[in-house]
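A note on names: the letters A, B, ... follow the listed sequences, proteins ahead of strands, and every chain is numbered from 1.
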Amino acid sequence: MTNQGAKILVCVAWPYANGEKHIGQIAGAYLPPDIFARYQRMAGNDVLMVSGSDTHGTPITLQAEREGLGAAEVVDKYHELFVEGCVAMGLTFDLYTHTDTQNHWDITQQVFRRHMANEFIYKEVQKQWYDPEAGRFLADRYVEGSCPFCGFAEARGDQCDNCGRLYDALELTDTRSKLSGSTDLEVRETEHFFLDLGALNEPLLEWIGSGKEHWRNNVLNFTQGQLNLKELRGRAITRDIDWGIAIPIEGYESKCIYVWYDAVQGYLSAAIEWAALSGGKWQDWWDRDLSPDARHYYFIGKDNIPFHTQIWPGMIMAYNDEVKADFESANIAGLSETAEPLTTARLNLPYDVPANEYLNFGGAQFSTSRGNVIGFNTVLEEFQADAWRYTLTAMAPETADTEFTWPDFVELVNNELVANWGNLVNRVLGFAFRRFDGAVPQPGELDATDEALLDEIRGGFDSVGALYEAVRLKAALQETRRLSQRVNQYLNEKEPWRTFKTDPQATATTVYVTLQAIDWLKLLWAPILPHSSEQLHQYLGYSDPLFGRLDTTDIEDDRGSHVVLRYDHGGACGVWQTQTLAAGQNLRKPGPLFDKLDPEVVLGEANG
RNA sequence: GGAUCGGUAGCUCAAUGGCAGAGCAAGGAGCUCAUAACUCCUGGGUUACAGGUUCGAGUCCUGUCCGAUCCA
């Protein structure tokens, strides 16, 4: 394709390290970027795909309390669980890290100071529930009381589970602390830092107003609709909590940075950590003056759209703005001595935010608390990764919520993946291996039917490539499946099992053409089905791998150690272009690419 | 309450304002290399509902209903 050597930053939503993720999250935010990144690498572009576990926020501390563990222990446990899942699914993060690292602290604190110096941060006093017994302010999730609307006694801090209404926690009555159980709570004043998003409404409107034609309708219209209201307002970036990143200003030791403010900066800090670990240059993707054409894609679920089309771009603009105050001499308490100064003048803004809707289950969203869940790690122990990759792409919620059912899973795997593609590979390879001494036969002259088939498959590198490029992954799957079917049709027309007895040369040509066709289809399928394409690549007699390797490493820093997942693309030979299959190339003894599912076993699994 | 997306065949989804389509499922036929897979044919529609604009509306406009997300 075009744009060879383009810098593509693939940003993937940061999941909370508070439990096993479910397949809805994988279908929405984690598998699509991997498919996109694998395609872009094959197309010859420089891809940097980063993400990590979100280690801060009340979801973490609440889970820690549930399990009787420290927050850091919960983080390590579920961070490593997710990393294991990524390895099993084959999610090729150039770096998957987490937010409780010295690097992420340093970057967050420097961006905070830069925002202050640019006068996009202000201080304000607000009122909040205080628990004298615990000696702490209570974040919304730590206070319960009676709903101001319906009187429900178990209402949470910001929303009532009974009537669903939202309110300010200060409106609750009969409040009690979830920390100490105390009902003797006070409202106290507390000072916090705010990001001045109101000042960013106009710049964001201008930014969203042009060059966004390639954005998905729902993402673009939603963002424009919100910004047109001109109701963006300051948002607190600090809280009265003790689990989080320290505020780099003296006198605020009892408070921490609010999780949302540091989490979105992970896209930047992870690129910087990647550079430190690999010797690469993160500025090639992030520096707007050095690499103005770098394209940043953010793969997220729809609930995250405001953060990635308004708040995070606003934070980048606030960073990029001309520095108004002297922040070099500003108070830098909390910044580590090893931190390298973040001197980049301007950072790149998002190029596209292909947010997905939700994959639901049982008529509702996946919900851990209601036990309505299909675990990411769990299912990979039971079924092949490529079976899930196919299914979750075929039912991807690209424009609307979709519903996962176990019978659909069985049908997609058995009637499409196995029947259309797996069976094609199996029949072609088996026939070729047995009838032509385990090697690619020498073809005779190709007739019009042969040429027509190869032309059509060759065209897939343009048609399917354009769909991957446009992040229309479901359509890319359908187009590739159509091309696979063309080979089945060709075989039925040519009937090599019949001509073999009467015309060996014609049979050799037919078998050569089909082997060439599946050799190319292997590449077209590779972004979605990397494991089976790699297997087929081996069956066809190649020795170099299509893709690189995933590895995990323990990294030590001033905050302790953390596991990182890294993808090494070196040695990968899969490229997005047709190459001629060499006649005479030795095949390896083939076997089925995919396991056919036993409906009784799968449905039994679903009920058990 | 506001912003936005979605509602199309049994299921999952497509269709610049221009003959409503594909895959799967269902019914029938052919084939036997293949994981009973493959190929061909057929049936299947009040495009949520009510209006409007237009030569022409699934598509644009107004209103209603249902589902979803975000913001209040």
Legend entry - Span that lies between the C1' atom of B:rA26 and that of B:rG18, in whole angstrom: 32 Å
Inset, instruction - Name the nucleic acid region contacted by A:Gln365, choosing base, sugar-phosphate or nothing; use a 4.0 angstrom heavy-atom cut-off, strictly under. - result: sugar-phosphate
Inset, instruction - Write down the distance between CZ (A:Phe222) and C1' (B:rC5), rounded to a whole number of angstrom. - result: 10 Å
Legend entry - Spacing between A:Asn218 atom CG and B:rG7 atom P, to the nearest angstrom: 12 Å
Inset, instruction - Give, ordered by number, those residues of residues 487-502 of chain A having at least one heavy-atom distance below 4.0 Å to an atom of RNA chain B; if nothing qualifies, reply none. - result: A:Asn488, A:Gln489, A:Asn492, A:Trp497, A:Arg498
Inset, instruction - Would you please confirm or rule out a distance under 4.0 Å between OP1 or OP2 of B:rU4 and any side-chain N or O of A:Gln226? - result: no
Legend entry - Same-atom distance (C1') from B:rG23 to B:rU59, integer angstrom: 23 Å
Inset, instruction - Would you sketch RNA chain B in dot-bracket for me? Only Watson-Crick or G-U wobble pairs with both distances under 3.5 Å count, crossing pairs as [ ], other-strand pairs as |, the rest as dots. - result: (((((((..((((....[..)))).(((((.......))))).....(((((..]....)))))))))))).
Inset, instruction - Measure the acute angle between the ring planes of A:His308 and A:Tyr298, then classify it against the limits of 30° and 60° as parallel, tilted or perpendicular. - result: tilted
Legend entry - Pairwise P distance for B:rC33 and B:rG27, with rounding to whole Å: 26 Å
Inset, instruction - Please report, rounded to the nearest Å, how far the C1' atom of B:rA3 is from the CZ atom of A:Arg233. - result: 14 Å
Inset, instruction - Give the nucleotide from the list B:rC5, B:rC70, B:rC24 with an atom nearest to the side chain of A:Asp303. - result: B:rC70
Inset, instruction - Name the residue closer to the 5' end of RNA chain B, choosing between A:Pro592 and A:Lys302 according to the nucleotide with the nearest heavy atom. - result: A:Pro592
Legend entry - Whole-Å gap separating C1' (B:rC38) and NZ (A:Lys596): 12 Å
Legend entry - Contact list for RNA chain B against residues 415-434 of chain A - heavy-atom distance below 4.0 Å: A:Asn415, A:Glu416, A:Val418, A:Ala419, A:Asn423, A:Asn426, A:Arg427, A:Phe431, A:Arg434
Legend entry - Test item: A:Leu453 and A:Val513 side chains (from C-beta on) under 4.5 Å apart, heavy atoms: yes
Inset, instruction - Considering only atom C1', compute the distance from B:rA34 to B:rG17 and round it to an integer number of Å. - result: 47 Å
Legend entry - Inter-nucleotide P distance (B:rU47, B:rU8), Å rounded: 12 Å
Legend entry - Basic-acidic side-chain contact under 4.0 Å: A:Glu398, A:Lys474: no
Legend entry - Nearest-angstrom distance from the residue atom CG of A:Leu412 to P of B:rC24: 11 Å
Legend entry - Atom P, compared across B:rG7 and B:rA48: separation rounded to whole Å: 7 Å
Inset, instruction - Evaluate the side-chain proximity of A:Pro33 to A:Tyr297: yes if any heavy-atom separation is below 4.5 Å, no if none is. - result: no
Inset, instruction - Assign A:Leu232 to base, sugar-phosphate, or nothing according to its heavy-atom contacts below 4.0 angstrom with the strands shown. - result: nothing
Inset, instruction - Between B:rG45 and B:rG2, how far apart are the P atoms? Round to whole Å, please. - result: 38 Å
Inset, instruction - When you get a sec, tell me which of B:rG2, B:rU69, B:rA14 is the closest nucleotide to the side chain of A:Leu229? - result: B:rG2
Legend entry - RNA chain B: 5'-proximal contact among A:Glu398 and A:Arg481 (nearest heavy atom): A:Glu398
Legend entry - salt_bridge(A:Arg458, A:Glu451) N-O dist < 4.0 Å: no
Inset, instruction - Provide the distance between the two P atoms, one in B:rA57 and one in B:rC49, to the nearest whole Å. - result: 16 Å
Inset, instruction - Would you please say whether a donor-acceptor pair under 3.5 Å links the side chains of A:Asn372 and A:Gln365? - result: no
Inset, instruction - For the residue pair A:Phe361 and A:Phe404, categorise the inter-ring angle as parallel (less than 30°), tilted (30 to 60°) or perpendicular (more than 60°). - result: tilted
Inset, instruction - Evaluate the side-chain proximity of A:Ile518 to A:Leu424: yes if any heavy-atom separation is below 4.5 Å, no if none is. - result: yes
Inset, instruction - Determine whether the side chains of A:Asp450 and A:Tyr512 contain a donor N or O and an acceptor N or O closer than 3.5 Å. - result: no
Legend entry - Rounded distance in Å - CD (A:Gln478) to P (B:rG23): 10 Å
Inset, instruction - Taking atom CZ of A:Arg472 as the centre, report whether more than 12 heavy atoms of other residues, nucleotides or ligands fall under 6.0 Å from it. - result: no
Legend entry - Phosphate contact (B:rC70 OP1 or OP2) by A:Thr223 side-chain N/O below 4.0 Å: no
Legend entry - A:Ser463 and A:Glu479 side chains, donor-acceptor separation under 3.5 Å: yes
Inset, instruction - Take the protein atom CG of A:Asp598 and the nucleotide atom C1' of B:rA36, then report the distance between them rounded to whole Å. - result: 14 Å
Inset, instruction - Starting from P on B:rA22, measure out to NZ on A:Lys474 and report it in whole angstrom. - result: 18 Å
Legend entry - Residue pair A:Tyr358 / A:Asp401, side-chain heavy-atom distance below 4.5 Å: yes
Inset, instruction - State whether A:Asp196 and A:Arg233 are salt-bridged, where the test is any N-O pair (Lys NZ or Arg NE/NH1/NH2 against Asp/Glu carboxylate O) under 4.0 Å. - result: no
